[in-house]
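Structure, as structure tokens:
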Amino acid sequence: MSSRPLPSAEGATPAMAQWFAAKHAYPDALVFFRMGDFFELFFEDAATAGEALGLAVAHRGELRGQPIPMAGVPAHAMENYLARLIRAGHKVAICEQRETPEQAKARRAPTIRREVIRLVTPGTLTEDSLLDGARPAWLLALATAAGELGAAWVDLSTGSFATEILPQAEIGALLARLEPAEILVDEALGSLAPLRQVAEKVTTRLAPRDPVRRLTEFYAVAGLDGFGSFAEAELAAAALALDYVRATQGEAAPRLRPPEPQGGREVLRMDAATRRSLEILRSERGETRNCLLAAVDRTLTAPGCRELAARLGAPLTDAGAIAGRHDAVAYLLEAAPLRALLRGALKGAPDMARALARLALDRFAPRDLAAIRDGLTRAEAMAEALDGADAPLPPLLDEARELLLPKASPRAELERALAEELPARIEDGNLVAPGYDGELDALKRLRDDARGAIAGLQMRLAQAWGVASVKVRHHQQFGYLAEMPAAAGEKLLRDPPAGLEAEGLAPIHRQTMANAHRFTCAALAELDRRLAAAGEQAQKREIAVVRHLRALCLEAARVLDACAMAVAEIDIHAAAAELAAGGAWCRPTLTERGDFRIRQGRHPVVEAALARARGPAFVPNDADLSAGQRLCLLTGPNMAGKSTFLRQNAIMVVLAQAGLFVPAREARLGLVDRLFSRVGAADDIAGGRSTFMVEMTETAAILNQATSRSLVVLDEVGRGTATWDGLAIAWSVLEALHDRIRCRAVFATHFHELTALSGKLPELQLANMKVREHRGEVVFQHLVGPGAAEKSWGLHVARLAGVPRAVTQRAGAVLAALEARARGLEPLAEELPLFGGTRAEPDSQGSADTSSQPPGEEDALGAALEALDPDQMSPREALEALYRLKMLRGSNGRSKLPQEAVAAAASAINSEG
């Protein structure tokens with residue numbers, strides 16, 4: 001929004017004075033000001049909306065001699081424009097007409113009364129057109145009290161409400177987990193570092209006083225003990241969120257579930273870097289397609305998808321609760337016919353939770369009543385299917401079955417009351433089925449029989465007036481009038497028939513036109529009044545019926561909400577079973593010990609991407625981080641699959657503890673309390689941090705927060721700085737994970753020197769990505785095997801990437817020279833054998849041949865020669881290569897390459913020239 005001050009309202013018309021009042025009340029919002037069939041925007045609002053929506057900015061009237069900029073959108077299409085503004089980060093205040101022009105005239109007001117009825121913000125949306133059906137729209141509030149930081153998050157579209165106490169260091173993890181649409185911050189908090197990256201979502205507000213009173217009054221309870229145990233900071237955050245929700249909704253009363261404290265809930269902790277690295281709810285590019293949720297989602301309803309996302313974002317650490325979810329999945333995996341029945345009922349099931357929220361806010365459409373009706377019908381079908389199960393149901397499915405049949409269900413009443421085809425808006429009418437309400441049916445018959453009544457009166461007028469050509473027509477200004485040709489009208493004016501007053505048929509002239517005359521009479525006026533009244537009365541009666549149906553649904557809101565959650569619960573378990581049935585997915589065995597054994601594990605996202613592209617089959621791999629070998633040092637070239645292997649093992653934990661099966665032949669996992677994944681490199685330009693600084697910050701978080709029950713996957717620690725610095729850091733981090741933290745970890749590196757630690761760290765195992773060389777080409781097998789990699793094959797990857805041949809050839813020569821020189825670095829010989837000098841073997845007389853070739857020089861020459869491809873070289877390239885080889889051979893003053901070879905190459909170049 002522009003910071004330009006508003007002009008003074010002095011001299012404004014009554015209507016514009018209302019606009020100024022609304023704008024001063026909501027200075028940070030665009031004011032949608034209702035004027036007839038349009039919502040208008042003025043001054044800076046018009047310019048801002050015009051730019052965002054592509055609207056032309058015109059002018060309407062003047063203020064103190066200056067034209068007023070104006071842009072508008074049709075009222076019937078308001079939601080479409082509103083969605084675009086909200087996605088662009090704007091807030092919108094809806095200023096509606098609160099009376100009709102007739103009512104304003106009756107009270108002798110200079111203009112229609114208008115008021116802001118709602119503030120639309122990203123965190124307070126309820127309309128389907130503005131929401132993502134698969135994601136909640138969280139409003140997050142942060143507040144402090146008693147030295148603690150409290151968080152509360154609300155989804156107005158479903159009524160979900162939760163709170164938690166957390167240290168400031170966990171704010172980033174909470175933001176990554178919830179991905180809130182809007183954030184409220186208590187003024188006392190100031191500027192928290194994790195909030196800088198989402199500054200466009202943050203609104204600062206004063207924390208309300210006496211939060212307990214505000215909450216108890218809203219829920220109409222004497223105390224909050226029945227909802228759970230809350231810290232002061234949790235209550236402050238909850239009251240901050242509640243006050244904001246109520247302020248944005250105007251007179252509407254939102255329906256929110258009682259706040260649920262999350263302090264006692266045991267969930268797997270993952271920081272923002274881990275969630276980003278594992279691409280749980282969206283890819284690193286911010287897309288929702290190539291992420292874990294998309295790869296495993298087989299749900300058929302929007303609530304089921306939202307709940308699945310919540311479970312992947314917050315896996316459990318309670319073995320009993322996880323086992324209950326696994327039992328439900330295993331049961332439906334075995335009971336394929338039952339699963340098919342349930343999924344048949346789930347397919348196309350409406351979103352009852354969001355429909356119920358709109359009903360509570362009195363912001364609903366006929367389809368929301370139909371959603372409750374159809375959702376309950378589907379729930380009954382699911383309950384019937386579960387009742388017919390062959391074997392006893394596991395606890396979670398049995399509990400859900402009970403909730404699928406709510407007591408005092410309004411389904412039967414909605415079934416009788418709602419028409420088969422429903423209009424888009426209540427105002428359109430015809431949403432109540434015939435036969436439901438006798439009075440409404442009578443009014444509709446009168447309204448709908450207008451054509452017959454008009455035809456009958458037209459015939460009577462033709463006979464009474466003696467004009468066969470008379471036609472009764474409806475006109476916007478005059479209502480129903482009798483129209484006839486000019487000649488017949490002149491005759492009727494000169495010689496009107498007598499004796500028609502008693503029947504109300506005496507003609508009354510209303511209008512003369514060039515070729516016609518228009519008349520009315522008492523009977524026609526009465527018919528006009530009756531038809532208009534019938535239509536109006538029918539509309540009022542129909543709205544009364546709709547209000548009755550809404551009241552029935554809200555009376556049953558608690559059980560309807562529970563039914564909606566039960567439908568989502570069954571959807572998740574049936575979807576997980578369907579996923580497991582479609583491939584080699586197994587039920588993981590979870591223990592309280594430090595187990596981690598996976599047989600033939602796969603990365604579900606990569607596997608799904610390969611299947612979509614019809615590429616090669618994913619290559620599965622085993623992993624064993626159990627006692628005695630809990631730390632795996634993984635070496636191998638880029639492009640061989642190290643990062644995929646790291647991520648897939650971390651994802652196994654997320655899936656297993658979320659209650660899903662895992663993509664493996666067999667899995668035995670010890671429960672993980674915290675999961676850390678540092679895979680991939682990225683800088684933080686906005687925060688002024690380099691890639692290496694980001695890496696070190698994330699590594700520090702791991703070393704400070706990981707416990708012996710954690711799982712850590714690290715990729716190439718130390719790569720962003722000088723070789724010796726990076727090696728030293730990687731070395732010490734590896735030792736810390738092994739000796740001090742004693743957690744399970746996979747540590748991928750290109751520092752092959754670290755393999756020397758296998759003899760010093762007893763629980764360190766070496767593994768490498770298998771590579772096969774065939775006729776000078778390198779084939780990545782994507783298999784993990786024991787032992788260390790022989791080399792990194794970086795030059796081969798460079799060639800695959802398209803680096804020019806001359807550059808890779810030169811790199812090969814430089815690499816050979818560097819490796820040869822590195823062998824003389826005696827100070828690291830003991831700790832880093834790769835850099836140790838190679839001693840000459842004694843001859844048969846027991847003395848070393850000091851005149852022999854320097855250690856490693858022959859290998860350097862061999863590597864450089866191997867990198868050459870004579871068939872592809874020009875004479876000039878051949879000469880340059882010879883000089884490089886000569887430099888390698890003669891760098892220590894020893895024998896040179898044959899001069900004949902150099903001369904021959906020079907001669908070839910001369911002949912080429």
Side-chain angles (χ1 to χ4, degrees), residues 267-268 270 274-275 277-281 291-299 308-309 311-334 396 572-611 617-626 632 641 643-673 675 677 679 709-713 744 746 784:
V267 298
L268 175 66
M270 294 181 282
T274 298
R275 294 175 188 275
S277 167
L278 298 182
E279 301 176 303
I280 295 175
L281 300 182
C291 67
L292 179 61
L293 174 62
V296 304
D297 182 20
R298 300 295 185 275
T299 59
L308 176 61
R311 294 185 180 189
L312 291 175
L316 304 177
T317 57
D318 183 338
I322 298 170
R325 293 179 179 179
H326 287 161
D327 288 342
V329 177
Y331 184 92
L332 293 176
L333 178 60
E334 293 297 323
L396 285 181
I572 287 178
H573 298 315
E578 191 75 12
L579 177 67
W585 291 61
C586 73
R587 174 175 180 166
T589 300
L590 296 181
T591 72
E592 295 288 350
R593 299 188 295 275
D595 297 325
F596 196 98
R597 293 190 188 91
I598 294 172
R599 180 169 166 262
Q600 297 290 287
R602 310 184 308 281
H603 192 305
V605 181
V606 177
E607 186 177 40
L610 289 173
F618 187 90
V619 178
N621 277 296
D622 298 345
D624 192 346
L625 304 177
S626 300
C632 173
S643 297
T644 298
F645 181 71
L646 265 65
R647 287 188 174 105
Q648 78 183 39
N649 287 299
I651 284 174
M652 295 290 177
V653 172
V654 174
L655 292 173
Q657 296 189 198
L660 280 70
F661 283 17
V662 298
R665 290 290 180 189
E666 184 180 339
R668 182 178 181 84
L669 306 174
L671 285 171
V672 174
D673 64 346
L675 179 62
S677 173
V679 182
R709 296 183 62 202
S710 301
L711 175 66
V712 175
V713 294
R744 294 156 287 181
V746 183
V784 178

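As the structure is a prediction and not an experimental result, all values here were calculated from the model.
Using a cutoff of 4.0 Å between basic side-chain nitrogens and carboxylate oxygens, Glu607 and Arg602 are scored as salt-bridged. A salt bridge is defined here as a Lys NZ or Arg NE, NH1 or NH2 lying under 4.0 Å from an Asp or Glu carboxylate O, and Arg597 with Asp624 meets this definition.
Of all heavy-atom pairs spanning Pro604 and Ala295, the tightest one is O-CB, 3.9 Å. Among all heavy-atom pairs drawn from Phe645 and Ala623, the shortest one is CZ-CB, 3.9 Å. For the residue pair Gln600 and Pro620, the shortest heavy atom distance occurs at OE1-CG, 3.2 Å. What you find for Leu610 and Ala617 is that their closest heavy atoms are CD1-C, 4.4 Å.
With a 4.5 Å cut-off on side-chain heavy atoms, Asn621 and Asn649 do not count as touching. By the 4.5 Å heavy-atom criterion applied to side chains, Leu669 and Leu711 are not counted as neighbours. The closest side-chain heavy-atom distance from Ser677 to Val713 is below 4.5 Å. Two residues are said to be in side-chain contact when any heavy atoms from C-beta on lie closer than 4.5 Å; Val672 and Arg744 meet this criterion. You'll find the side chain of Leu579 reaches within 4.5 Å of the side chain of Trp585, heavy atoms only. Side-chain contact between Thr589 and Asp595: absent, with no pair of heavy atoms (C-beta onward) separated by less than 4.5 Å.
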Evaluation steps, side chain to side chain contact (heavy atoms under 4.5 Å, CB included), between Leu292 and Leu278: CA-CA 8 Å; Leu292 179 61; Leu278 298 182; over 6 Å; no

Intermediate values then yes/no, side chain to side chain contact (heavy atoms under 4.5 Å, CB included), Val296 and Val605: CA-CA 8 Å; Val296 304; Val605 181; over 6 Å; no

Working for side chain to side chain contact (heavy atoms under 4.5 Å, CB included), residues Leu316 and Arg325: CA-CA 11 Å; Leu316 304 177; Arg325 293 179 179 179; 3.5 Å; yes

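Atom CD1 of Ile651 and atom NE2 of His603 lie 3.5 Å apart (nearest 0.5 Å). Distance check: Thr299 OG1 to His573 NE2 gives 13.0 Å after rounding to the nearest 0.5 Å. Atom-to-atom distance recorded for Leu333:CG and Glu578:CD is 9.5 Å, nearest 0.5 angstrom. Separation of atoms CZ (Phe596) and CE (Met652) is listed at 7.5 Å; rounding is to 0.5 Å. Atom CG of Asp622 and atom CD1 of Ile598 lie 9.5 Å apart (nearest 0.5 Å). Distance check: Asp297 CG to Ile572 CD1 gives 9.5 Å after rounding to the nearest 0.5 Å.
Looking at His326, its side chain does come within 3.5 Å of a backbone N or O of Ala656 through a donor-acceptor pair. Checking side-chain atoms of Thr317 against main-chain N and O of Leu268 turns up no donor-acceptor pair under 3.5 Å. Here the side chain of Arg665 pairs no donor or acceptor atom with the backbone of Ala584 at under 3.5 angstrom. Between the Arg275 side chain and the Ile280 main chain, no donor and acceptor come within less than 3.5 Å of each other. Looking only at distances, no side-chain donor or acceptor of Ser710 sits under 3.5 Å from a matching main-chain atom of Leu675.
Between Arg587 and the choices Val329, Val662, Asp327, the side-chain contact (heavy atoms from CB on, under 4.5 Å) rule is met once, by Asp327.
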